[in-house]
Structures are given as C-alpha cells and as structure tokens.
Amino acid sequence: MNALSEEASPSAATERWMEWVRSRARAGAVVSLVGASPALAEALRARGLSVRALPGPEWKRGKGPAPSLVVLEGDAVERVLEEGLEALRREAPGAELVFGLRNAGSARALMGALTGEAPVRAGLSEQRMLRRLAEAGYRVAHREVVPCASGGTALAEDTAQALRAVLAQVSPSTQVEEGLYVAVPDEPGRALVAGLLSVVVTVDPGARDAALDEALFALACQEQQPLELLLAAPEGVDLSAAEAALERYGRLGSFQARVVRASSGALYAEAVREARGRYLSFVDARCLVYPRHYVELVRALQTGREAWAVARAFRTEWASSEGTPPYVRAKVPFPLGERLEVEHLVQHPELVHAMVIDRGRIGPFAVATESGLGELPARLGALFPPVFLGGIASCEVRGPREPPAAAMAPGTWLLRPLDAWVEAVARIRDETLQAREFRHRMVDALNARVHGIPWVHSTLKTLANRLKSGNER
Amino acid sequence: MSGPASANGGGPGIWLGIVLYRNPERELERLWESLRWNREVPGAPAFRVVWLDNSPDDTLRARVERLDADADYRHAGGNLGFGAAHNRLMAEAFGSGGARYYVCVNPDGLLHPDCVRELAREADQRADTGLVEARLFPDEHPKPYHPATGETPWCSGCVLLVTKRLHARVGGFDERFFMYCEDVDLSWRARASGLSIRVAPAALVHHYTVTREESPVRERMVRRSAALLGAKYGDAAFMNARLREYARLGGEPFPTPDVLKPGRKLAGIADFRHHLEFARRRW
C-alpha cells in the first residue's frame, strides 16, 4: 500500500503509513498483518508486539488469541473490505482495522474516466468502503486524507470546476484522492425501515421547557404512522422534563421515542445515523406540526419520484413575555406563492423544519454537516428538486423575528434541466408584465374616479408628474 | 384525587362534561388518556367526568366503560344538541353536584396534561370570572385576547370552563342554538352581565379543524345558528346574509327568526363586523 503516494515521495508515503500503523499498535496489541510488507512486520515486532503476518489477500483467524489490530495492505484491502468484513467482525469482534485506500471514486478519477484521459481506476471508492464498514458493523474513527487535486482534464476550467462541485455536493468523498483509515467496531448499520418516519427533535441548551413540551405534544398528536421520535441533545443538556413528557405522550401509542446524545458538532450526524426511518425530518422546540403535516408530506413522496417534500409553514411571531406563555402577535405563511422557487430555499432556512427527506433517493448526499442544518434546504434543493405541497400551511416555526437568509457556501451549483430555467424566466416576465398592467389599470381607474373633482384631479396629476420626474432624475 | 373539593360534601369542585355523538373508539381512547394525564400532573385539581351521549342508541356505553369501568355514562335518549346537553349536566353540577366549575369538553379534543389545572388556576384569579377557555392548539384561534389579562371578546366552547357564578347570573347555553354560535352568545351575555371571560394561554387543547373534511350538514348548521345569533342581537342584515348562504347550501326552510332588540349593553358587545369570526383576527 502506498497511500499518499501521489502527493509525497514514495519513501515519505511509506514512512507515513508505518507511522500510522504504529500509532494504533499499542503495547500488548495482537496484530494481524494481511498482505503487509515484511518491513512493517519487522518494525512492529521490534516494538515487542505479537505479530501474525498473513500473505493475503484473505484474512484468516488462525490459532491463538484474536487480534486486536488488523492491518490490511495491497490487494487485501479490497478483498477483506468487500468479502471478509463480516467474518472479521465475527471472529475478531474487538479488532480495529487499519488500511489505506486510493479512492476509485475521486472526482479526479471519475473525470479522467469520463473524458477518456485515464483508465477507470480500479478498486474501491471511499463511499463504497464507508458503506461496507457500516454494513458489517464498523465506523471510521480516524482518517487522514489527501484531497483531490483540481485541473488535469481536457475540459474547460469552468466546466471542470462545475462538474467537480456537483460531485462534491452529491458526495464529499469524491474530493478525497486517497487516505489512511482506522475503523473501529460499532453497531451494525441498519437497513432503513420502509414507511417509517423518523423525526429528529433537537434540543438546544436555551430551549424553553414549555415550548419543547408543546412541540412534543403536537408531534404526539399527528397522524403519520409509523413514527419514531429522536430527542437529540448535546451532552449536558437536561432532558428530564422532555423525557417525562415523551413517556406520558407515548401512552397514546402514536410513536416510539429514543434519546440521542453527542457533542454539539456531531449531534445531527449521530441523530441521522441512529434514525431508522426511510423518511427523515428535523424539528426543534420552536416547531409545531399540525396533525396531517407528515401524512401529506410522506404521501407526496410515496406517490411521486422526488427526493424530498416541503410544506408551506407559518412563521409565528411571538411577543416577548415574562412568566406567561408567549403571546402570538401574528402568523405569516412562507414561502408565498404556489411554486417553490429556488430563492425560497435560501431566503427561508426554516424550511428545514417543514420538510421530509426520502433517504432512499438521495444516495450518499450528506444530510448532516458540521455547519448545522441551516443550509440543508438549499443544499438539497441544488441537487434534488423537491415536491412542494402548497395550500394551507401545515406547521409553524415560532420565534421573535424572521431569521436571516442562509449563507450558502460559494460555488454551490444547481442541477436543473434547461427548460425549467426557460419556463421560470418566462413566468417571471409574465408576472412582471401583469403587475405593470394592473398598476396602469389601477391608475386609470383612480384617474376616472377623481376626474370629476377638478381640484383634486389637478393636484394629484401635478403630484404624479412631480414623482415621475423625480424618478427619472 | 387531589385538589380543592366542593363546599358540598367533599366531592370534586370541578366537573368535566363530555357530550358524545357517535364518536369513534380511537377518539374516545385518546381523550380518556389525556384526562388521565390531567389527573397526574403536580397540583392537579380533583375533577369528575360525566359522559352524556346524544347518539340514537347507547352503543357508546360499552366503549366508555372499557376505558373506565366506573364511568358516569348517561344516554340522553336522543340528540339534545350541544348546548342543551351541557345545560343538563351543568344544572346538576352546580345544583346537587356542588361544583364550582363546569368544563365543557369536546370529545374530539385532546387535553394537554396541564389543561384542567390551568383553566382552574385562571378561573381562580378573579372573583368575577364567568368563562375561561382553553387555548386551541396547535393552530391557535386568531381571535384576539389581552396578552396580560387574557380578556377576550368571546370564548370557544371546545374546552370551556363555566363558573357557578355565571350559571347563577345568566344561566347556561341558549338551547335554541342546536350547535354552533351558542358559545359566542353565552360569552356576550356573560360580558353584558359584568363577568370576565378569558383565555388561559397555558391550558391547551389539541383540536385542529382546518383540514377537516367539508361537511355540508355542518356548514348549514353554522349558518342557521349564525342567522339566529344575528336575529337575537338585532342585526337583520347579518341574519339575512347567513340565511341566503344557508339556502344556497341546500338547507331545509325554517321559520325566519324574529329580529329582536337587545338591550344597549348587549348591542354594544355583539360584533357582526367580522363575518363568522365575531372579532377581528390577529392574522
């Protein structure tokens, strides 16, 4: 294995690999080397470790104690990851895996194959590797990667950049050229449960207990079945009141509930990992769902082909209050109009709380990122046109005022057929013309009404001319 | 049970009256579960639950008794209508029952665990309390209420606390309203008699009707009751407009109600400027 070989000199890459393995081989470790170089075996033995070297590419349990560390090199990486992981997990249940991988699914490799400038890269993609690990009950605990270099294709630079950006949006792992990995045993990944909706209820440290209780009460009373609620909170946030409420509302028999704990940065990812439903939604203490909100969203996905569905919502404006439930001053529906425009996804980041994702239709798209969920509607919408329910708002996001638009990462690209753009531009042009015509009709009507009152008419006309000339200046 | 008892022999000071009409089993199960929550929360007042069934027969008796073997279930013998059925229970509650408060509970609602406690707490705030309504949830009713005092132009009958004082002063619902608008009428009469009617914002009832399947029968009933309300409070234009809608919806003809002249106080309270909302909307 020569991980990092294209970025570093061969000797440096080999040295880094040896160092990577040594860092995982703690005192007393029983190491199983599969297809590894004799030099690595020698180096580990020199540190007093028990080393069993196998020629590979298969891993075999052999006699003696089960290994605590399995190191894969060369052909063994693909063979074991593709075909031997389950046996390894069964026969050496506590063993960590260490390996390097040249990513067959890197943007560079894919585009090289696309343009014919390079042969299809053999081996596993990082995405495939991650999937196989999850299936067999492992997760990547550490990785060190070399990012994919840009350029190097016969495509015009802008086009190459756009293609690469789109690949990154679909799967961040396309931006990895190669890497070194440590995989540790974990719960086996579960297949998504068809028909099940998982609603992640995130609890911020500042969430009001009463607001959270209302959000849970509304969830307990909604009609979508089956339903799983995941109460997700950073470590240290007191969930006792929410757990008691869930236990009480759970007696309605309308949902099953679980608690997810993780650090703030990893919370959404962990919640998504633990969610079992094919359908996924995110709410927090500010959200209220009406009884048929999820029924309609899930039905739209089941009867259509889209990857996600979004409903109209109310922004419920709370007046601040001390010691009393917040007074609702106004409810404003958003987004307005019968069509969901791309700009709505950026203007209204709260749409993240009005949507359901069909996880069976988004491939390796990363739902949760460290930056939170604010960009999710726009990130999703860039790749997957949603189905918009329109009609009456079916949920609420409550708060003191409208949040700012989502700050989209620069370089985000939008996948849409050309005719969708042509149609959108034509529609906007029509609406502009109609608005102008309406304005003219209004002015004419007003003019006709005040015409009989000479003084008012002449004053208004003078004012209108003054305004007009002011606008023209 | 815990909480304040009545002055009359230690029975619960609060009665919850549930008027039934051919309700689905699941609806009753959910309601009953929510009543159990209301008994469990800290500081929960004691309350008694009485079921009065307006259905043609007493099939629901078995359903109710499955939920509560000791249920106080009565069959009305026919469909008395919403107001008349509650009046019957209210009269008993405030008479021989010795209750302080009677709470009308719609069977298709689901009471938040704090609902009964918060209704009672709000009613206890003032001696002149006439009515206290639970806040409709999750889609709050857009009619206004005072953010600090809870005072509101009228109270919804979905989950509505009625005080003994109100019953003594103005009686119960006007039984000429078979269903709908009787709560608006009671609210206006309560206000005219000097009683306070309020929303208890922390008392929630889950009751969502916006996406309820359209029912011509219900729409006709609403128009007929609204026309009666218009007649009772002297607004002939409002009455006639509702009667026209009623006819357009295919309603059976009925004698046009006499347009009465309410007293000055009632006339000043009645609000027909906002169609069937009977108050300006907040949104």
Side-chain angles (χ1 to χ4, degrees), chain A residues 208-211 213-223 225 241 244-254 283 286-293 295-296 311 313-333 389 391-398, chain B residues 26-42 44 67 108-115 118 121-122 125 134-152 198-213 280-283:
Chain A
R208 289 175 55 244
D209 277 351
D213 175 59
E214 289 181 8
L216 297 176
F217 184 42
L219 283 166
C221 294
Q222 63 74 56
E223 295 173 15
Q225 291 294 311
L246 278 180
E247 196 178 326
R248 181 175 289 141
Y249 300 144
R251 293 193 335 229
L252 291 173
S254 55
V283 297
R286 297 169 302 156
C287 302
L288 294 180
V289 293
Y290 297 174
R292 295 192 58 75
H293 175 66
V295 170
E296 301 299 341
F314 280 122
R315 180 171 294 109
T316 300
E317 291 177 14
W318 269 346
S320 58
S321 56
E322 283 290 325
T324 56
Y327 179 76
V328 176
R329 203 172 4 215
K331 286 188 189 181
V332 182
L389 298 194
I392 301 169
S394 58
C395 62
E396 295 181 21
V397 182
R398 305 171 295 172
Chain B
R26 179 68 185 141
E27 183 176 292
L28 298 182
E29 283 171 2
R30 287 160 53 95
L31 173 63
W32 180 246
E33 184 57 50
S34 78
L35 296 181
R36 287 178 58 202
W37 300 338
N38 275 268
R39 292 194 198 281
E40 293 168 1
V41 291
L67 300 171
D108 60 346
L110 197 74
L111 277 61
H112 182 271
D114 298 334
C115 184
E118 293 301 322
R121 180 178 290 174
E122 182 59 43
Q125 296 284 324
R135 181 159 62 100
L136 297 187
F137 179 86
D139 189 13
E140 184 173 335
H141 198 289
K143 74 183 171 62
Y145 65 88
H146 191 284
T149 66
E151 296 278 358
T152 189
R198 304 193 296 282
V199 177
L204 304 178
V205 54
H206 192 282
H207 190 254
Y208 185 74
T209 57
V210 174
T211 52
R212 190 161 62 177
E213 209 170 295
R280 96 184 141 72
R281 297 171 63 106
R282 273 176 289 168
W283 51 84

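Note on naming: letters A, B, ... go to the chains in the order of the sequence lines (proteins, then strands), and numbering restarts at 1 for each one.
Contacts between A:Arg248 and chain B at a heavy-atom distance below 4.5 Å involve backbone atoms as well as side-chain atoms. For A:Ala245, no part lies near chain B; criterion is any non-hydrogen pair under 4.5 Å. With a threshold of 4.5 angstrom between heavy atoms, A:Ile392 approaches chain B through side-chain atoms but not through N, CA, C or O.
With sequence neighbours excluded, no residue satisfies salt bridge (Lys or Arg N to Asp or Glu O under 4.0 Å) with B:Arg280. With sequence neighbours excluded, the residues satisfying side-chain hydrogen bond (donor to acceptor under 3.5 Å, both in side chains) with B:Glu40 are A:Arg251. In terms of the ring pair (Phe, Tyr, Trp, His ring centres under 6.0 Å) criterion, residue partners of B:Trp37 (sequence neighbours excluded) are, by chain and number, A:Tyr249.
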Could you please spell out the steps behind the side chain to side chain contact (heavy atoms under 4.5 Å, CB included) verdict for A:Ser394 and A:Val289?
-> CA-CA 6 Å; A:Ser394 58; A:Val289 293; over 6 Å; no
Start with the C-alpha distance between B:Thr152 and B:Arg198, add both sets of side-chain angles, then the distance that settles side chain to side chain contact (heavy atoms under 4.5 Å, CB included), and finish with yes or no.
-> CA-CA 5 Å; B:Thr152 189; B:Arg198 304 193 296 282; 5.6 Å; no
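Note on A:Lys331 versus A:Glu317: no salt bridge recorded, every NZ/NE/NH1/NH2 to OD/OE distance being 4.0 Å or above. One finds no salt bridge joining B:Glu33 and B:Arg30 here, because no Lys/Arg side-chain nitrogen approaches an Asp/Glu carboxylate oxygen to under 4.0 Å.
With chain A as partner, the option from B:Pro147, B:Pro113, B:Ser34 having the largest number of non-hydrogen pairs under 4.5 angstrom is B:Pro147. Looking only at heavy-atom pairs under 4.5 Å with chain B, the residue among A:Gly391, A:Ala220, A:Ala330, A:Cys395 that has the most is A:Ala330.
Near-neighbour residues of residues 134-143 of chain B relative to chain A, defined by a heavy atom under 4.5 Å from a heavy atom of that chain, comprise B:Arg135, B:Phe137, B:Pro138, B:Asp139, B:Glu140.
A distance-only check finds a donor-acceptor pair linking the side chain of B:Trp32 to the backbone of B:Leu67 [under 3.5 Å].
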